[in-house]
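Working notes, beginning with the structure itself.
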Amino acid sequence: MIRKAKITDARHIHELIKYYSDKDLMLYRSLNDIYENIRDFLVFEGERKKILGVCALHIGWDGLGEIRSLAVREGYIRKGIGSSLVKEIFKEAADLGINTIFILTYKPGFFKGFGFSKIDKKKLPHKVWTGCVNCPKFPDCNEIAMHYKLKGRFKG
């Protein structure tokens with residue numbers, strides 16, 4: 001079941017993101033950052049309310065949203081959890097009036113399957129770069145920038 005994250009989920013979200021960031025497979029997010037942005041997160045809850053996946057939609061600019069921190073618990077990968085979370089993010093984005101979603105990712109193949117296409121990071125709005133400047137990998141980041149035009153495809 002997919003639902004909006006609650007304050008009580010923050011430590012579980014942090015644990016899942018940290019697992020992948022420790023392997024250098026995604027960017028680290030502090031527990032404080034997760035608490036401050038808890039409204040951005042969706043969680044995929046499995047049996048016994050165990051969080052099996054997380055994903056965030058962050059509003060970046062007028063009509064522009066960013067998918068952040070998509071992570072699925074090891075052992076549950078390739079079971080449709082990540083795809084379900086992305087589809088739910090599309091619906092939420094459409095409801096909010098977002099017409100373009102972008103992502104910075106190490107896994108472009110996954111997002112290409114949804115219709116995302118690669119773009120030059122320099123084409124992202126300057127406001128987006130404020131987050132990048134504070135990243136420990138800046139300016140030598142090897143994430144791939146991709147974007148997707150919603151065009152009214154997903155109605156919540």
Side-chain angles (χ1 to χ4, degrees), residues 1-10 12-14 16-18 20-21 24-45 51-72 77 80-156:
M1 171 182 93
I2 296 175
R3 63 170 173 77
K4 289 296 284 179
K6 301 174 186 174
I7 292 288
T8 54
D9 298 323
H12 300 288
I13 293 168
H14 180 257
L16 188 51
I17 291 171
K18 187 175 181 320
Y20 287 105
S21 68
D24 208 27
L25 297 173
M26 73 185 316
L27 294 178
Y28 176 77
R29 303 222 22 208
S30 70
L31 182 57
N32 182 65
D33 183 52
I34 292 166
Y35 274 117
E36 287 180 353
N37 294 284
I38 198 73
R39 291 181 188 180
D40 288 356
F41 281 92
L42 297 175
V43 297
F44 187 104
E45 214 174 51
I51 293 177
L52 304 179
V54 302
C55 190
L57 173 64
H58 185 75
I59 299 180
W61 200 248
D62 183 30
L64 182 67
E66 177 185 7
I67 292 179
R68 291 182 175 178
S69 303
L70 174 60
V72 175
I77 296 169
I81 293 171
S83 294
S84 295
L85 285 164
V86 170
K87 288 175 185 173
E88 194 64 29
I89 290 289
F90 284 164
K91 290 177 190 172
E92 186 176 352
D95 287 346
L96 289 168
I98 292 170
N99 52 39
T100 303
I101 298 175
F102 78 94
I103 185 155
L104 297 168
T105 183
Y106 296 118
K107 303 279 185 179
F110 175 79
F111 291 97
K112 187 175 182 183
F114 287 99
F116 279 81
S117 56
K118 290 182 183 180
I119 58 169
D120 187 329
K121 289 180 197 174
K122 293 174 187 167
K123 291 188 178 190
L124 295 172
H126 190 67
K127 181 167 174 48
V128 171
W129 286 96
T130 59
C132 293
V133 170
N134 296 318
C135 177
K137 295 187 177 193
F138 184 80
D140 300 317
C141 174
N142 57 351
E143 286 185 307
I144 306 295
M146 302 181 84
H147 77 295
Y148 179 85
K149 301 281 187 184
L150 282 173
K151 298 177 193 165
R153 296 178 185 175
F154 291 87
K155 298 289 184 193

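Hydrogens, waters and symmetry mates play no part in the numbers below; they use all other heavy atoms, side chains included.
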Can you tell me how far the [atom1] atom of [X] sits from the [atom2] atom of [Y], to the nearest 0.5 Å?
X	Y	atom1	atom2	answer
Leu16	Arg29	CG	CZ	12.5 Å
Ile89	Asp40	CD1	CG	8.5 Å
Ile2	Leu52	CD1	CG	11.0 Å
Cys55	Ile81	SG	CD1	12.5 Å
Leu57	Lys91	CG	NZ	14.0 Å
His58	Glu66	NE2	CD	7.0 Å

Checklist entry - Stepwise, does the side-chain contact (heavy atoms from CB on, under 4.5 Å) test hold for Ser83 with Phe110? => result CA-CA 9 Å; Ser83 294; Phe110 175 79; 3.9 Å; yes

Next on the checklist: For Phe116 and Phe111, take the angle between the two ring planes, folded into 0 to 90°, and tell me which bin it lands in: parallel under 30, tilted 30 to 60, perpendicular over 60.
Outcome noted: perpendicular

Checklist entry - Is the side chain of Lys4 donor-acceptor paired with the backbone N or O of Arg39 at a distance under 3.5 Å, no angle test? => result yes

Checklist entry - Are the side chain of Tyr20 and the backbone of Leu70 linked by a donor-acceptor contact shorter than 3.5 Å? => result no

List the atom of [X], the atom of [Y], and the distance in Å for their closest heavy-atom pair.
X	Y	answer
Ile38	Ile13	CD1-CD1, 3.9 Å
Pro108	Lys118	CB-CE, 4.3 Å
Phe41	Ser69	CE2-CB, 4.0 Å
Val54	Ile51	CG1-CG2, 3.8 Å
Ala5	Val43	CB-CG1, 4.1 Å
Ala10	Tyr35	CB-CE2, 3.4 Å

What I'd like to find out is whether the side chain of [X] reaches to under 4.5 Å of the side chain of [Y], using heavy atoms alone.
X	Y	result
Ser117	His147	yes
Leu25	Tyr106	no
Glu143	Thr105	no

Checklist entry - Got more than 12 heavy atoms from elsewhere within 6.0 Å of CG, Asp33? => result yes

Next on the checklist: Centroid separation under 6.0 Å, is that true for the rings of His14 and Tyr28?
Outcome noted: yes

Item to check | From CA spacing to verdict: salt bridge (charged side-chain N to carboxylate O under 4.0 Å, His left out), Asp9, Arg3 | outcome: CA-CA 11 Å; Asp9 298 323; Arg3 63 170 173 77; 2.7 Å; yes

